[in-house]
Amino acid sequence: MSWVSIDKTKCNGCGLCILRCPSVYSKVDGEIVSQADVGNCNSCGHCISLCKSQAIVHSEMDMENFPAVNEDANFETGKFIQFIRNRRSHRHFKNKAISRADLETLIDACRYAPTGGNAQSVEIIVVENRDKIKRLSDYTIDFFINAGDNVQQLIEQFAAEGKEPPENLTRIRQYGERFKLAREVGQDPIFHDAPVVMIFHAPQDRGAPKDDCVIASTTLSLLARTMGIESTYIGLLVGAARDNREIHSELQLPLGSELLSALIMGYPRLKYHYAVDRKPIQTRWEL
Ligand SMILES: Cc1cc2nc3c(=O)[nH]c(=O)nc-3n(C[C@H](O)[C@H](O)[C@H](O)COP(=O)(O)O)c2cc1C
């Protein structure tokens with residue numbers, strides 16, 4: 001049974017579906033026919049989006065969720081550049097929760113971000129429980145303190161040979177030292193007392209899980225800015241979760257799923273008055 005059927009009373013034979021997806025659509029005796037299943041269709045929906053006469057029905061998709069494209073929903077380029085430049089990583093938040101409705105709006109919008117092979121396998125965990133956030137922070141801090149202690153010996157070996165240690169080893173040791181101090185004074189150097197920690201995870205065997213999670217978290221964090229909610233990526237948690245199974249257990253991640261992106265989010269306490277300088281991107285043009 002094909003996933004796709006064509007309403008012959010609506011089809012005007014334009015052939016845009018064939019142009020876009022010749023693996024599903026073809027012309028037989030002057031009539032457009034389709035054969036779609038898991039082998040040749042990833043439910044991207046492009047054929048339905050292109051078909052102005054709404055002749056295509058897809059059994060695996062919600063046909064009620066194909067609203068007309070609003071041409072006005074666009075940004076003026078200069079304003080969009082300002083929006084990108086005005087974004088900052090925020091680590092100081094007001095003591096104010098983000099409403100469930102706003103979080104749901106953000107998560108719902110996230111499903112429209114692209115995924116490798118249209119896998120759509122990104123999953124999100126919203127952590128608001130203070131005790132859970134503290135435990136995740138503790139596991140991450142422990143991880144970096146242990147890693148810092150472990151690399152210390154290597155750094156000493158380099159020094160004994162009169163060599164500079166690699167930068168990543170020095171950085172890990174610095175994190176370890178910094179986090180020991182923060183813990184002593186009761187600060188959270190991982191999640192910065194944010195009201196929400198948002199975890200993005202995906203099964204390793206589908207799509208492009210890391211890219212999918214990072215694109216989802218980027219999409220969500222930019223949209224959040226339109227609601228006055230700011231965020232910061234927490235790569236430290238992602239790094240620690242790679243090797244620390246306690247973080248997996250704490251989050252009860254499904255077997256085979258990996259934590260691949262994380263955000264802290266909240267209403268910002270600091271207001272930045274100037275956009276900041278960044279190095280130009282080294283670009284090579286091959287003409
Ligand atoms: C992949 C990634 C991981 C990051 N991880 C952390 C982190 O664990 N903790 C943190 O405080 N900031 C983290 N950041 C924020 C960066 O430090 C920040 O983006 C950078 O300093 C530039 O500042 P800006 O975001 O305000 O432009 C991360 C950023 C990215 C893109």
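It should be emphasised that the depicted structure is a prediction, and the values quoted were computed from it without experimental measurement. We number each residue from 1, following the sequence as shown. Numbering of ligands and ligand atoms starts at 1, following listing order. Heavy-atom basis, side chains included; hydrogens, waters and symmetry copies ignored.
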For [atom], what's the nearest protein heavy atom and its distance?
atom: atom 23 (O) of ligand 1; answer: R278 NH2, 3.3 Å
atom: atom 18 (C) of ligand 1; answer: S89 OG, 3.4 Å
atom: atom 5 (N) of ligand 1; answer: G235 N, 2.8 Å
atom: atom 4 (C) of ligand 1; answer: Y233 O, 3.4 Å

Flag yes if more than 12 heavy atoms outside R242 fall under 6.0 Å of its CZ atom; otherwise flag no.
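Counting neighbours around CZ of R242, 12 or fewer heavy atoms of other residues, nucleotides or ligands fall under 6.0 Å, so no.
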Just wondering, more than 12 heavy atoms not from R245 lying within 6.0 Å of its CZ?
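Yes - once you tally the heavy atoms of other residues, nucleotides and ligands closer than 6.0 Å, there are more than 12.
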When rounded to the nearest 0.5 angstrom, what is the spacing between NE2 in H58 and SG in C44?
8.0 Å
Enter the distance from H90:NE2 to R225:CZ here, rounded to the nearest 0.5 Å.
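Those atoms lie 6.5 Å apart.
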L237 to ligand 1: N or O pair under 3.5 Å?
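It does not: no N or O of L237 is found under 3.5 Å from an N or O of ligand 1.
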Which one holds for T232 and ligand 1: side chain close, backbone close, both close, or neither close, with close meaning a heavy atom under 4.0 Å?
side chain
Please tell me if atom 1 (C) of ligand 1 is touched by the protein, where touching means a protein heavy-atom distance below 4.0 Å.
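Answer no: nothing from the protein, no heavy atom, is under 4.0 Å.
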Under-4.0 Å protein heavy-atom contact, atom 20 (C) of ligand 1:
no
Are I145 and I234 connected, step by step, through hydrophobic side chains (Ile, Leu, Val, Met, Phe, Trp, Tyr) whose heavy atoms are closer than 4.5 Å?
yes
Can you hop from Y267 to Y272 via hydrophobic side chains spaced under 4.5 Å?
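No, Y267 does not connect to Y272 through the hydrophobic network.
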Atom indices of ligand 1, in the order listed, that fall short of 4.0 Å to a heavy atom of R88
24 (P), 26 (O), 27 (O)
Pick, from H90, E230, R91, the option with the minimum heavy-atom distance to atom 10 (C) of ligand 1.
R91
Tell me, do F93 and R269 make a side-chain contact under 4.5 Å, heavy atoms counted?
no
